[in-house]
**Student:** 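First the structure, then my questions, so here it is.
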Amino acid sequence: MNRTRSVVVSVVATGLATALLTGCGGIDGKIGDYDKVTVWPNADPRGQQPVAELTTLTPVTVECYTPGEVNATGYGYGATYKISYDGGSGYIDESTSIMSDGGEVSPSRVPKC
């Protein structure tokens, strides 16, 4: 009985540690797009000026995902990732290819902002 309990506790502790590590610090990766990627100061880029342009293989850390919004009149903005990079942070379009050690980053791999 004690042996079974210690195995269960170990499995739960391992799962909790993995969840905590995944949720903290984001996912490190590199821009995979061949075009320049515009970085915006907010998830909603309307009326904003870009803060940077990143190029292929620029290292980034993906912190979270914002699903985007559309109002009743049909205006809004698309989904974005909040990222940090050497020199700053901001938001990039969710369609941007970001390659990590675990494969391409997708909204299901990062927490919602």
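Just so you know, these numbers use all the heavy atoms, side chains as well, and skip hydrogens, waters and symmetry mates. Heads up: numbering here begins at 1 and tracks the sequence.
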**Student:** Residues two or more places apart in sequence or in another chain: which of them pass side-chain hydrogen bond (donor to acceptor under 3.5 Å, both in side chains) with Q48?
**Tutor:**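 Result, side-chain hydrogen bond (donor to acceptor under 3.5 Å, both in side chains) vs Q48: N42.
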**Student:** Considering residues at least two apart in sequence or located in another chain, which fulfil the side-chain hydrogen bond (donor to acceptor under 3.5 Å, both in side chains) criterion with T66?
**Tutor:**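 So T66 forms no side-chain hydrogen bond (donor to acceptor under 3.5 Å, both in side chains) with any residue.
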**Student:** Using the ring-ring contact (aromatic ring centres under 6.0 Å, His included) criterion, which residues pair with Y81? Sequence neighbours excluded.
**Tutor:**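 Testing Y81 for ring-ring contact (aromatic ring centres under 6.0 Å, His included), a comparison that skips the adjacent residues, returns Y65.
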**Student:** Is it the case that more than 12 heavy atoms not belonging to D86 sit under 6.0 Å from its CG atom?
**Tutor:**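 Open.
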**Student:** Suppose we screen for side-chain contact (heavy atoms from CB on, under 4.5 Å). Which residues come up paired with D35, at least two apart in sequence or across chains?
**Tutor:**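 With neighbours one apart ignored, the set is empty.
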**Student:** If you look only at pairs with a residue in residues 95-108, which of them pass as a side chain to side chain donor-acceptor pair (under 3.5 Å), with sequence neighbours excluded?
**Tutor:**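 Applying side chain to side chain donor-acceptor pair (under 3.5 Å) to every pair that reaches into residues 95-108, excluding sequence neighbours, yields D93-S95, S97-E104, S100-R109, S106-S108.
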**Student:** Run V105 and V110 through side chain to side chain contact (heavy atoms under 4.5 Å, CB included) and show every step you take.
**Tutor:** CA-CA 8 Å; V105 174; V110 293; 4.3 Å; yes
**Student:** Using the side-chain hydrogen bond (donor to acceptor under 3.5 Å, both in side chains) criterion, which residues pair with S84? Sequence neighbours excluded.
**Tutor:**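 With sequence neighbours excluded, S84 shows a side-chain hydrogen bond (donor to acceptor under 3.5 Å, both in side chains) to E63, given in chain and number order.
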**Student:** Provide the full list of disulfide (SG to SG under 2.5 Å) pairs with a residue in residues 44-75, sequence neighbours left out, each pair given once.
**Tutor:**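 Listed once each, the pairs are C64-C113.
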**Student:** Establish whether V62 and V39 are linked, either directly or via other cluster members, by ILVMFWY side-chain heavy-atom contacts under 4.5 Å.
**Tutor:**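 As far as the 4.5 Å side-chain criterion goes, V39 and V62 are connected within one cluster.
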**Student:** Once salt bridge (charged side-chain N to carboxylate O under 4.0 Å, His left out) is applied, do any residues pair with D44, and if so which ones, sequence neighbours excluded?
**Tutor:**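 Residues passing salt bridge (charged side-chain N to carboxylate O under 4.0 Å, His left out) with D44: R46.
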**Student:** Which residues pass the side-chain contact (heavy atoms from CB on, under 4.5 Å) test with T38, sequence neighbours left out?
**Tutor:**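 For T38, the residues satisfying side-chain contact (heavy atoms from CB on, under 4.5 Å) (neighbours in sequence not counted) are W40, P50, E53.
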**Student:** Do I92 and V60 belong together in a cluster built from hydrophobic side chains that touch within less than 4.5 Å?
**Tutor:**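 Looking at the clustering, V60 is in the same group as I92.
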**Student:** With sequence neighbours left out, which residue pairs that include part of residues 66-75 fulfil the salt bridge (Lys or Arg N to Asp or Glu O under 4.0 Å) condition?
**Tutor:**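 Found none.
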**Student:** Taking a hydrophobic cluster as the set of Ile, Leu, Val, Met, Phe, Trp and Tyr residues connected by side-chain heavy atoms closer than 4.5 Å, whether directly or through intermediates, do V51 and I83 fall within one such cluster?
**Tutor:**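 Shared cluster, yes.
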**Student:** How far apart are the closest heavy atoms of Y77 and A43, and which atoms are they?
**Tutor:**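 So the two residues come closest at CD1-O, 3.3 Å.
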**Student:** Hey, does I31 have a side-chain heavy atom less than 4.5 Å from the side chain of T55?
**Tutor:**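 Counting from C-beta outward, T55 and I31 never come under 4.5 Å.
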**Student:** Can you give me the closest heavy-atom contact between Y85 and A52, atom names plus distance?
**Tutor:**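 Of all heavy-atom pairs spanning Y85 and A52, the closest is OH-CB, 3.3 Å.
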